[in-house]
Amino acid sequence: MARVVVDVMLKPEILDPQGQAVANALPRLGVNDVTSVRIGRRIEIEFAGEPDLDRAREIADKLLANPVIEDFAVHVDAAGTVKPASDSQESQPAEAPA
Amino acid sequence: MARVVVDVMLKPEILDPQGQAVANALPRLGVNDVTSVRIGRRIEIEFAGEPDLDRAREIADKLLANPVIEDFAVHVDAAGTVKPASDSQESQPAEAPA
Amino acid sequence: MSARIGVVTFPGSLDDGDAARAVRIAGGDAVGLWHADADLHGVDAVVLPGGFSYGDYLRGGAIARFAPVMETIAAAARGGLPVLGICNGFQILCEAHILPGALIRNQHMHFRARDQRLRIEAVQPVWTNAFNDSQEVVIPIKHGEGRYVADERTLDELEANGQVIARYLGGNPNGAQRDIAAISNAAGNVVGIMPHPEHAVDALTGPSTDGLGFFTSMLKFLAGAPGLAGSGGAGGSGRPAGAASTAPADQGAS
Amino acid sequence: MTTQPEVADVVVDEFDGGPDTVQRAAATPEELQPYAELGLRDDEYERIREVLGRRPTQSELAMYSIMWSEHCSYKSSKVHLRQFGEKAPPSDRLLAGIGENAGVIQISDDLAVTFKVESHNHPSYVEPYQGAATGVGGIVRDILAMGARPVAVMDPLRFGAADHEDTARVLPGVVGGIGGYGNSLGLPNIGGEVVFDPCYQGNPLVNALCIGVLPVDRLQNKAAAGPGNIVVLMGAKTGRDGIGGVSVLASATFDSESDQRRPSVQVGDPFMEKLLIEACLELYDERRVVGIQDLGGAGLTCALTETAAAAGTGMTVELDRVPLREPSMAAHEILASESQERMLLIVEPDQLEAVLKTAARWGVLATAIGEVTPPGPDGLPGRLTISWQGHTVVDVPPGSLADDGPVYARPMREPADLILLQADRAETLPRPSTPDALRETVLRMIGSPNLCDKTWVTEQYDRYVLGNTVLAQPEDAGVIRVDERTGLGVALSVDGNGRFARLDPYTGAKLALAEAYRNVAVTGAKPLAVTNCLNFGSPEDPAVMWQFAEAVRGLADGCAALGIPVTGGNVSFYNQTGAAAIHPTPVVGVLGVLDDVAQRVPMGFPKPANPDGDIIFLLGETRLELSGSEWAWVTHEHLGGVPPKVDLAGEKALADLLTEAARVGHLTAAHDLSDGGLAQVLVEACLRRGVGARIKLPEEFATGSMPFVFLFSESAGRAMVSVPHGQEKAFTALCTEHGVPWTALGVTDESGGQLEVRDQFTIGLDELREAHSATLPRLFGA
Ligand SMILES: Nc1ncnc2c1ncn2[C@@H]1O[C@H](COP(=O)(O)OP(=O)(O)O)[C@@H](O)[C@H]1O
Ligand SMILES: [Mg+2]
């Protein structure tokens with residue numbers, strides 16, 4: 001499958017209140033060794049033909065990220081794919097069938 | 001640096017209006033070979049010591065993902081890192097200086 | 001003939017009817033402009049209204065910026081056409097880089113609607129000539145992504161050039177840098193404002209009538225600048241027969 | 001009936017590589033079918049076989065199981081709900097009533113309004129944000145289906161204890177979802193409720209109300225009339241959203257397993273709904289649709305069968321034409337899908353092209369999926385036949401699904417504990433009897449979760465959009481201008497008190513009605529019509545069924561007494577965790593009309609024109625009524641006794657007086673008394689515009705614990721008003737004329753900046769504000 005992933009994150013100097021809220025909640029889950037959490041967007045683009053990195057970069061630059069506040073990175077999808085719960089050991093087994 | 005990335009995506013059967021809106025906008029940018037766009041979250045967690053995948057998985061399951069509608073995947077950060085514009089060729093040089 | 005003010009309807013625009021009403025109350029003619037139609041139909045000024053254009057799903061204004069009408073407006077704005085972007089309209093202007101900076105998620109992460117005190121920071125000829133220097137006004141805000149950010153140099157420049165049009169008073173509702181609620185471009189003809197002046201034009205339905213000043217300012221500006229009136233739109237041919245011809249009118253609601 | 005597996009779980013559509021067809025079903029009568037797992041009883045399954053003269057196909061079985069579920073068939077409530085029609089006062093304003101998507105009331109020669117409240121309780125517990133969001137989306141489509149432009153929403157909400165950790169999960173999500181959807185649609189939120197009670201732990205109530213406006217001649221209906229007409233599906237693509245959601249989420253009791261069950265939930269797309277609204281309104285105005293129905297619970301199944309049944313026609317549908325989000329969907333999944341933002345249109349063939357064009361202009365998908373067919377011979381209704389991959393998978397009489405579902409007169413029994421509960425009266429609890437204790441009680445009560453300032457919630461809602469909101473929260477009722485030319489407007493309030501209904505469901509329902517009616521009347525509006533959402537536990541529990549029957553009887557009797565009809569509503573059963581049902585919670589919405597919204601009366605004391613302030617009156621009678629009160633709960637965690645007396649003739653007199661007084665301009669403010677009594681109302685009226693007041697207690701309430709009773713009793717039928725100096729004589733004369741008891745309480749006092757109750761206490765407005773407004777931010781974050 002011809003999937004390209006664009007990751008968009010707020011520039012480091014821009015406050016990320018959502019990430020901060022998560023970071024603040026962690027001690028309540030008993031997690032104390034996390035120093036920072038940042039939350040951005042992951043965009044999966046399926047191309048009809050070959051995965052086209054240049055195309056994706058152009059789309060990211062024009063539309064998916066706002067250069068005033070965000071950085072982005074583009075890569076062809078590989079290991080990190082998020083799969084449906086049923087066939088991915090990373091995520092929670094769902095009891096209800098899809 | 002001990003960074004773990006959690007990617008959270010809507011389960012495939014769940015409607016993703018955000019991705020759909022972007023997909024619908026692409027033809028106006030002259031892009032016609034994209035068949036689907038899905039938008040999720042990318043969460044970067046920095047650990048004080050060693051990157052702890054199990055810990056991250058637990059955090060993701062309890063806090064970062066909503067298992068009713070989302071799947072997630074966890075990995076130690078590698079190539080895909082989104083870096084500040086200035087030292088990453090993938091991203092656009094920002095128009096406004098940082 | 002009174003000035004003709006275009007009010008753009010994008011899919012997902014919500015306050016287009018209110019903006020048109022504000023224009024009329026101020027004494028202008030409201031002309032509906034449709035997102036897919038690049039023609040400005042010879043309007044003398046444009047209001048980009050509030051709402052959630054294209055669902056605002058990616059970032060507010062990110063998709064609307066590419067609408068055919070926006071290409072024309074961007075060019076005309078650079079040529080001096082008065083443009084007021086309200087809330088989502090402000091976001092669109094920033095996304096289109098017609099105004100500097102960006103509007104991002106409120107710091108507290110909630111959508112927030114309240115009657116907000118503001119101070120008018122710049123009495124300028126196009127959009128704020130009806131206000132007094134440092135006048136305090138009450139105008140509603142309602143947004144989830146209204147935190148104005150820009151880098152320090154840009155902020156300093158905005159301040160130095162008198163481009164900060166209004167600031168929040170009595171508590172910053174979204175974490176905006178330097179309490180900024182509204183800015184203009186360097187020429188002053190384009191203003192983006194997060195609060196909703198069109199919701200403060202009638203004491204019956206708004207917390208005040210303070211918002212009317214933006215619309216009367218612009219009409220006064222147009223009246224005093226005959227050279228500008230009618231020449232703002234790029235390709236001002238084929239005026240539609242009636243105002244708001246493309247925006248679906250509904251007698252029940254407005 | 002406890003948990004039910006999802007449809008997708010048990011129905012297998014594939015047989016020898018093809019779907020289960022009608023032909024196959026006829027040939028294999030003995031094939032075992034999982035009807036019980038789908039929630040159908042033995043006798044219900046037998047009836048289906050009788051209706052069809054064979055076993056149902058898998059698709060048909062799925063359709064019957066959904067349409068005959070409690071949620072869609074009203075099988076337990078139907079026998080009781082009839083009273084709303086039977087007891088209703090005659091009205092020539094009612095253009096559409098119960099049974100339609102929403103009731104429609106004419107309010108001028110050329111304008112009508114339509115309004116309705118619905119529940120989305122279970123989905124909002126599972127996924128608070130999306131559950132609440134799609135609740136708003138669903139009720140908005142009901143209003144749209146009547147031909148109206150939706151113009152405002154309201155959201156009566158109930159949660160578990162405010163400080164319970166799960167409330168911190170559910171409440172922010174629900175509020176976010178309601179705001180997220182309503183704000184994005186451009187509908188002002190003009191009121192609602194936020195109530196906390198441990199009985200809603202695990203069973204939050206998320207009700208949503210929408211009101212719309214239409215020119216009288218734009219009224220739409222759902223009948224699929226005219227054989228040869230085209231059936232068009234418009235809006236979002238169909239996916240596996242909430243498959244079985246109706247039977248699983250909306251009908252089954254929650255239990256400990258629900259956490260793991262993770263049912264598929266619906267996700268809303270308000271942007272699509274906004275486009276759908278604009279497209280539909282354009283089609284109405286161009287007179288391009290013959291019939292229209294929204295897709296909500298039970299999706300296509302419900303829309304197809306109801307539109308055909310309403311016209312007595314038949315229909316053929318090609319399921320393969322339905323645009324799918326997931327190509328692998330099976331026939332029964334497509335039929336059961338609850339994908340949001342879809343409408344079903346019936347259009348004449350020569351209008352089809354124009355319809356598709358309008359849809360395209362708004363960027364909305366529209367697809368012809370079938371055709372209306374003639375009724376059968378001998379005047380028999382037509383049949384609904386559905387094909388899939390070249391086979392007929394459904395061939396049913398549509399009425400058998402839509403109208404002829406099972407009806408049960410379920411056993412009812414007064415709850416065993418009711419006698420003891422009613423005997424345990426709050427009037428016997430120790431009461432504050434010193435000025436200091438009273439002062440402390442005031443501050444404590446106004447900061448308690450149910451009485452505190454709800455700005456944390458309402459600040460997340462847009463109230464201004466559309467520019468016609470004249471009053472919104474925290475006012476007693478929302479007021480919307482409907483006609484800019486004449487100033488014609490409507491007022492709306494929703495109310496309910498589960499504690500009162502628990503103590504006496506008959507009276508509790510009447511009290512909810514009386515409160516909503518009064519809330520509308522204090523704005524100066526004339527109450528006209530009623531909608532309701534009845535939230536109860538399991539109907540299979542005779543005690544719950546008794547509560548339900550009593551509440552319906554109370555509401556129907558109350559409406560008859562007040563002379564206003566119930567125009568529609570919704571029943572939500574199975575709000576229950578294990579054996580514990582929620583308090584019976586009838587939520588009642590009342591709609592009133594204002595000839596000129598400029599005459600609306602706000603709830604807060606205005607800055608008085610006269611330096612001596614306005615004169616404050618209490619209208620109605622205050623009795624020693626503390627059972628079921630907020631005070632009893634907050635200070636003693638007590639629930640017992642009997643609720644306050646309800647006197648509907650008195651309510652009517654009060655409403656008439658208020659409407660008349662508002663019309664002649666006697667009132668600068670009016671605020672109804674309910675939870676928290678007079679103390680609450682005084683504080684709210686002062687804080688609204690920062691205007692203080694000086695109050696003197698009447699003599700019979702001056703000593704011992706009587707000041708407390710005067711301030712905290714929750715007697716019904718009361719309102720507080722302020723009247724300008726010089727008009728008090730005329731006003732009290734008007735009160736006498738209407739037979740409404742009045743008490744002069746004191747005066748408003750702008751300069752003082754405090755609330756003074758003479759001989760008792762004085763509290764600065766700042767201290768009151770702090771006590772009133774700090775609670776929700778403390779619980780849910782700033
Ligand atoms: N969930 C909500 N959404 C919108 N408005 C709300 C909500 N909850 C409460 N309100 C508003 O807050 C105000 C106070 O609520 P409440 O005390 O229940 O009023 P009342 O007792 O007069 O019915 C009312 O204006 C009500 O409409
Ligand atoms: Mg009230």
Side-chain angles (χ1 to χ4, degrees), chain A residues 2-3 5 7-9 11-13 18-19 22-23 25-26 29 31-49 52 55-65 67-75 78-85 88 90-92 94 98, chain B residues 2 5 7-9 11-13 19 22-23 25-26 29 31-50 52 55-65 67-68 70-75 79-85 88 90-96 98:
Chain A
R3 178 186 289 172
V5 173
D7 289 320
V8 180
M9 302 298 292
K11 285 179 192 285
E13 66 270 24
Q18 213 186 344
V22 169
L26 289 178
L29 297 183
V31 178
N32 292 304
D33 53 345
V34 165
T35 54
S36 119
V37 179
R38 307 271 300 169
I39 302 190
R41 264 193 299 276
R42 173 190 165 90
I43 300 145
E44 300 180 350
I45 306 175
E46 313 265 358
F47 284 89
D52 185 339
R55 247 333 171 38
R57 217 166 271 139
E58 194 193 320
I59 297 170
D61 183 42
K62 274 202 193 154
L63 180 66
L64 302 178
V68 177
I69 47 170
E70 293 165 330
D71 298 315
F72 67 86
V74 174
H75 61 96
T81 311
V82 184
K83 295 216 198 73
S88 152
E90 272 106 355
S91 28
Q92 185 70 359
Chain B
V5 173
D7 288 320
V8 180
M9 300 299 290
K11 288 180 195 280
E13 71 270 22
V22 169
L26 290 179
L29 300 185
V31 178
N32 292 304
D33 54 344
V34 164
T35 55
S36 122
V37 178
R38 308 269 301 169
I39 302 189
R41 281 191 305 280
R42 171 188 167 92
I43 300 136
E44 300 180 350
I45 306 175
E46 312 268 356
F47 285 88
E50 278 302 288
D52 184 339
R55 245 342 172 26
R57 218 164 270 140
E58 195 194 318
I59 297 170
D61 186 43
K62 283 204 187 139
L63 192 63
L64 302 177
V68 178
E70 293 169 328
D71 298 316
F72 65 87
V74 174
H75 61 94
T81 310
V82 184
K83 297 215 197 74
S88 151
E90 271 107 356
S91 28
Q92 179 68 4
E95 252 140 66

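What you see is a predicted model, and the numbers here were worked out from it, not measured in a lab. Order of the sequence lines sets the chain letters (A, B, ...), proteins ahead of strands, with each chain counted from 1.
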(message) Between L26(A) and L63(B), is the side chain to side chain contact (heavy atoms under 4.5 Å, CB included) condition met? List the steps.
(response) CA-CA 9 Å; L26(A) 289 178; L63(B) 192 63; 3.8 Å; yes
(message) For chain A, which candidate among A60(B), A48(B), S36(B) shows the most heavy-atom pairs at distances under 4.5 Å?
(response) S36(B)
(message) Does any backbone or side-chain atom of I59(A) lie under 4.5 Å from a heavy atom of chain B? Answer side chain, backbone, both or neither.
(response) side chain
(message) Quick check on R41(B) against chain A: is it the side chain, the backbone, both or neither that has a heavy atom closer than 4.5 Å?
(response) both
(request) Give the intermediate values and the outcome of side chain to side chain contact (heavy atoms under 4.5 Å, CB included) for residues R55(B) and D33(A). (result) CA-CA 10 Å; R55(B) 245 342 172 26; D33(A) 53 345; 3.3 Å; yes
(message) Working to the nearest 0.5 angstrom, can you tell me the gap between L29(A) CG and K62(B) NZ?
(response) 5.5 Å
(request) Without swapping roles, check the side chain of T35(A) against the backbone of E46(B) for a donor-acceptor pair under 3.5 Å. (result) yes
(message) Using 0.5 Å steps for rounding, measure from the CD1 atom of I45(B) to the CZ atom of R38(A).
(response) 13.5 Å
(request) With a 4.5 angstrom heavy-atom cut-off, could you sort out which part of L64(A) is near chain B: side chain, backbone, both or neither? (result) side chain
(message) For chain B, which candidate among I69(A), V34(A), V37(A), N32(A) shows the most heavy-atom pairs at distances under 4.5 Å?
(response) V34(A)
